[in-house]
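Accompanying notes for the structure given below.
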Amino acid sequence: MAEDSDLERTESATPRRLEQAREEGQIPRSRELASFALLGGAAIMAWLLMPQISRDLQRMLAGGLKFDRAMAFDPQYLFAVIARETWEGVLAVAPLLALLTLFALLAPLLISGWNFSSKALEPDFKRLDPISGLQRMFSTQGLGQLGLALAKTVLIVGFAAWGMWQQRDAALGLVGQNLEAGIGHMARIVGWSFLLITGALGVLAAVDVPFQLWSYHKKMRMTKEEVRRESKEQEGDPHLKAHIRAQQREVARRRMMSQVPKADVVVTNPTHYAVALQYQNGQMRAPKVVAKGADLIALKIRELAESHRVPVLEAPPLARALYRHAELEMEIPQALYNAVAEVLAWVYQLRAWRTQGGPPPSPPEALEVPSELDAGARA
């Protein structure tokens, strides 16, 4: 059962999977949205630009119907007139065509944004396989698309038929009107029919866009095994990462241990904790921790300190407080200044005794450590 669940596409697509799909040209698309945007844009642009286009075409038509003696005896003149009138016709409709092209390009951006993929342009000879084509044609998806196309056709034809039925009396009345009034009335009828078809496409787009988004994300779903494999590829093998972290910790521990011989004093618990402190007068504002550790690491710090004749002081409350609240390579907390100052004073006395002789200094006792910093005191 576990193997079957791993083979089922039950997991949502990861951002990496969606990015790879975009690189391959696989993005959600809605033909109905593009058709609606194109037709709606055409309606708006025709409404705004049609007066100017009508005047330009009327002027072009009037110029094309002119005939004079020069045209009859000079064939080149006729070709020049045709070229001029054609160019004027192109200029007349150019704004409309340019805006329609812009709408056609912007419509897909509404649901998938801008995406350019060279892989989508690469030839795929599998698409030429007739067997695969028949399988796609009679697959569940192919039959669903066929049913959707039939439903769209019925809806659009139904809207158009209803609009024509509503305007039947007006259409029949065009016969009794003069030319100018009839043209205007016919334009209103065509505009009304155009609006109905655009509304039908709007309904289809409102249904198709959510469906295409749902279908796309369903298609992009991944199996649990694919998610795990992608996670390993992005984050690396957990065993390898653990090995790298272990090596990093080992390098950091060795670097820390190399600082113990340079320490001024090591404060211990005596065996559970060990903290090495260093203070350079005039170069440091306060003593800092150069090494610290617990249990085996604490024992190693103590052995290194003793082998390099670094003073070792058993002060359990201070050792616990420094271990818990002082960060490595950082200054000690201000609340421990007095206690550490007494320890350093003892260290300086011990150095003087080693060089000058005399009675050995007594180690400090009853060091003042705030109870809120001493975990052992709270326990």
Side-chain angles (χ1 to χ4, degrees), residues 1-41 101-129 131-156 159 197-238 241:
M1 296 295 293
E3 293 180 357
D4 292 340
S5 63
D6 284 350
L7 296 177
E8 295 178 358
R9 297 183 178 274
T10 58
E11 306 300 313
S12 300
T14 61
R16 176 56 182 162
R17 175 71 181 94
L18 295 176
E19 183 64 26
Q20 289 177 340
R22 290 184 65 87
E23 292 175 358
E24 296 173 358
Q26 300 180 21
I27 56 176
R29 296 183 179 91
S30 174
R31 296 179 180 176
E32 311 311 322
L33 178 62
S35 300
F36 170 71
L38 191 60
L39 197 59
T101 303
L102 182 62
F103 275 106
L105 294 175
L106 293 180
L109 303 183
L110 297 178
I111 60 174
S112 58
W114 171 257
N115 183 61
F116 177 78
S117 174
S118 59
K119 293 184 179 181
L121 302 177
E122 296 177 357
D124 186 3
F125 296 102
K126 294 181 180 180
R127 297 179 181 177
L128 301 178
D129 187 359
I131 298 178
S132 300
L134 291 174
Q135 290 177 349
R136 288 194 300 268
M137 184 181 302
F138 293 101
S139 64
T140 304
Q141 184 178 3
L143 294 176
Q145 291 178 351
L146 177 60
L148 182 60
L150 292 176
K152 290 189 295 186
T153 302
V154 171
L155 181 62
I156 294 175
F159 266 76
I197 297 176
T198 305
L201 289 176
V203 173
L204 290 174
V207 175
D208 188 60
V209 169
F211 172 76
Q212 293 298 333
L213 291 174
W214 172 82
S215 178
Y216 174 78
H217 287 287
K218 182 180 179 181
K219 181 181 178 181
M220 291 294 107
R221 283 181 182 175
M222 306 169 63
T223 63
K224 293 182 179 179
E225 176 61 27
E226 289 175 338
V227 174
R228 287 193 292 265
R229 184 167 61 249
E230 182 179 294
S231 178
K232 286 184 180 180
E233 291 175 355
Q234 288 187 338
E235 301 179 3
D237 190 344
K241 290 179 63 178

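These numbers come from the heavy atoms of this one structure, side chains and all, not from hydrogens, waters or symmetry mates.
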Spatial distance of atom CH2 (Trp214) from atom NZ (Lys219) [nearest 0.5 Å]: 13.0 Å
To the nearest 0.5 Å, what is the distance between CE on Met220 and CE on Met222? 10.0 Å
Identify the heavy atoms of Pro210 and Ala205 that sit nearest to each other, and give their distance. CD-O, 4.3 Å
